[in-house]
Amino acid sequence: MSLRQLHLLQSPMGGTLVPGGATFRVFAPHAKAVYVSGDFNDWAQDDSCRLAPIGAGFWAIFIPGLRDGDAYMYFIEGTGSAGYKRDPHARLLTVEPPFPYCRSVLRNPYAFPWHEVDFKPPAFNELVIYQLHVGTFDMKPGNPDGCFLDVIERVPHLASLGVNAIELLPIQEFPTAFSMGYNGTDLFSPETEYGEADPAHLAGYLARTNDILVKAGQAPYESADVLRHCDDQLRALVDVCHVHGIGVLFDVVYNHAGGGFDENSIWFFDRQPYGNANDSLYFTDQGWAGGQVFAYWNADIRQFLVDNALSLYREYRIDGLRFDEVSVMDRFGGWATCQQLTAALRAERPEAIQVAEYWPVNPWVVKDHAEGGAGFDATWSDRLRESVRAAVHAAAGGATAPVAMQAIAEAIADDSLGKRARAVHSIENHDIVYAGREPRIARLADALSSRSWYARSRSRVATGLLLTAPGIPMLFMGQELLEEKSWSDTPHPDTQIAWARLDGGDETTLDFLRFTRELIGLRHSLKALSGGGSAIVHVHDGNRVLAFERWAEGSDDALMVVVSLNETAWTDYAIGFPAGGAWHLVFCSEDYEEGAHPAENREVMAEGPPMHGRPCSAHLTIPANGLLVFARG
């Protein structure tokens, strides 16, 4: 075997720039011949660009003289047809010609000028996640779809809010004009619609991005060339987030791909005859969400998914992944694929969190491989969300409506996952508050007026419960602004976040933002709120009152959280406390009501008799639709 052949056997998958040119390696076990074509050979198919079979269904070649930014395609002769295919491992697709006629682009993913700020993601239990959709998070006039650079311009807002991780809905290339992102077809390539290609617009984005970097004490990017390509614009988003102390999680879809496969896509990649979807190489004949389920039985396809996840860690320096519908993967034979994914990712970067979505919630997804578990670090949970939303909705029925505070208590007490930081909680997310589904909390709290006192106060209770309960809290974009409109992946004024209210100084928006920001700050400063300790002290459905303890393991510094969804204040309400003496009111949701004045006396004495299984008690004034947090001393 020659040295060149040995190098080809060891070459990475896809098109990879190397000294003097590029290597290409592709999996096409049923192909009769594979060529790589581009401007470098006038898109020809001849012996000079024919890949060599290197065994086990793989083909490879070295082409000299190729450079960063060169476009290429594979031309595959199969038993059913012949024609071009995009590289399944392509790191970028062309803007012109556009999708689906686009071509694969050679890129050096390690050339980006990262700011080396030694960012380390927070411990899992300290995470406060903010979920957003790139295309609709913050759109500019004249731009029908938002982009990565638009998100950068709101990073200072997110840093001020106090979230320490953002979770991007899927950013892989999808075939439709607009999408939530769950129909991706080119998993290694970022969605080109989320990039900015116009040089004039790009110059403005560069100036604004550099201003953000300079204000954060970092050097600006040297030129627009740094941001010329969509993939580097995504890297810049991660980079600017890290500069501001914010981690980045990507949402990935490994339960299916598509639907809507074009002729040049991964569908029937090695061009076997159409007809039996089980011959499509990457997929089976099983469908899900309009697309096709991956062929988990095939070790090479499993490795393709692992390679994709690892590439996101290595080439974009992200801090974790959220895996869409792991329950679907399991249903179609993908449990071992999950185990392979989590093992590889943990070996690569153990501090990066791996979050599963599995419905109904399955504790086995967060169990170790040795026990037969899937090995994820955390999983989405719906129990707190459903109980809080149900209580808020019931409270909106009037002062005499029954409200199930007990259901919230049971959700807070739920330890079925073992460690509390294994549960990711939300009260709004991309699925729940999508247009036509369930309303935002502000609208749920008061269907007649989402800006009323009822809406504001109940929304504070709902968000307050999210941020004081055990587990990992996740906010959805706009939630911190008391956004009442549902969202959609199709841009429309009726579903856009009301940034104008924030930018224009709207008092209601600013008050709710301040409430959310300061409660997040309290969660970061008081370790009891990010700890795993919790216990229900008192719950009374008739009174609409709930009280629970919070503490960090190994610490005696407990907190008391008291919540009411009653429409009037309670005075002289006796609640058991875990220790006697003075307790300081460190947070009161009523302080964030317009025109409210913080109470002068913010201490209570726990010197009453034993109550609610606690050694002593205190008499409290609990605001209507209020949340209180007490700390000792």
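Side-chain N or O atoms of Asn164 include one that pairs as donor or acceptor with a backbone N or O of Val128 at under 3.5 Å. In this structure, the side chain of Arg460 does not engage the main chain of Phe515 through any donor-acceptor pair within 3.5 Å. Distance alone, capped at 3.5 Å, is enough to place a donor-acceptor pair between the Glu483 side chain and the Ala498 backbone. Using a distance-only test at 3.5 Å, with no hydrogens or angles considered, a donor-acceptor pair links the side chain of Arg550 to the main chain of Gly533. No donor-acceptor distance shorter than 3.5 angstrom exists from the side chain of Ser160 to the backbone of Pro156, with no hydrogens or angles considered. With hydrogens and angles ignored, the 3.5 Å screen pairs no side-chain donor or acceptor of His584 with any backbone N or O of Val586. One N or O on the side chain of Asp541 and one on the backbone of Gln406 form a donor-acceptor pair closer than 3.5 Å. Between the side chain of His133 and the backbone N or O of Ser179, at least one donor-acceptor pair lies under 3.5 Å. In this structure, the side chain of Asp415 does not engage the main chain of Gly418 through any donor-acceptor pair within 3.5 Å. Formation of a donor-acceptor pair under 3.5 Å by the Lys485 side chain with backbone atoms of Gln496 is found in this model.
Between Tyr130 and His157, a ring centre-to-centre spacing not shorter than 6.0 Å is recorded. Aromatic ring centroids of Tyr592 and Phe512 lie 6.0 Å or more apart. Less than 6.0 angstrom separates the ring centroid of Phe137 from the ring centroid of Trp499. Taking the six-membered ring for Trp and the full ring otherwise, the centers of His430 and Tyr182 sit less than 6.0 Å from each other.
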Next on the checklist: Using the rule given for salt bridge (Lys or Arg N to Asp or Glu O under 4.0 Å), can you reason through Asp557 versus Arg632, listing the C-alpha separation, both sets of side-chain angles and the distance that settles it, and then say yes or no?
Outcome noted: CA-CA 7 Å; Asp557 295 330; Arg632 292 182 66 183; 5.8 Å; no
Next on the checklist: Working note: His538 + Tyr573, criterion ring-ring contact (aromatic ring centres under 6.0 Å, His included); need CA distance, chi angles, decisive distance, verdict.
Outcome noted: CA-CA 11 Å; His538 168 68; Tyr573 198 107; 5.6 Å; yes
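Side-chain contact annotation: Asn183 with Thr176, donor-acceptor N/O pair under 3.5 Å present. In the model, Tyr194 has no side-chain atom that pairs as donor or acceptor with a side-chain atom of Asp150 under 3.5 Å.
Arg331 forms a cation-pi arrangement with Trp288, by the criterion of a distance under 6.0 Å to the ring centre and an angle within 45° of the ring axis. For the pair Arg385 and Trp380, the NZ or CZ position fails the cation-pi test of under 6.0 Å to the six-membered ring centre and within 45 degrees of the ring normal.
A salt bridge links Asp211 with Lys215; the closest basic N to acidic carboxylate O contact falls under 4.0 Å. A salt bridge between Glu126 and Lys527 is present, with a side-chain N of the basic residue lying under 4.0 Å from a carboxylate O of the acidic one. In this structure, Glu480 does not pair ionically with Arg517, as no charged nitrogen and carboxylate oxygen lie closer than 4.0 Å. Comment: Asp446 does not engage Arg458 in a salt bridge, judged by the lack of any side-chain N to carboxylate O separation of less than 4.0 angstrom. Classification of Asp138 and Arg208 as a salt-bridged pair fails, no side-chain N sitting under 4.0 Å from a carboxylate O.
Residue Leu627 holds its CG atom at 10.5 Å from CD1 of Ile622, rounded to the nearest 0.5 Å.
The heavy-atom pair separating Val537 from His612 by the smallest distance is O-CB, 3.2 Å.
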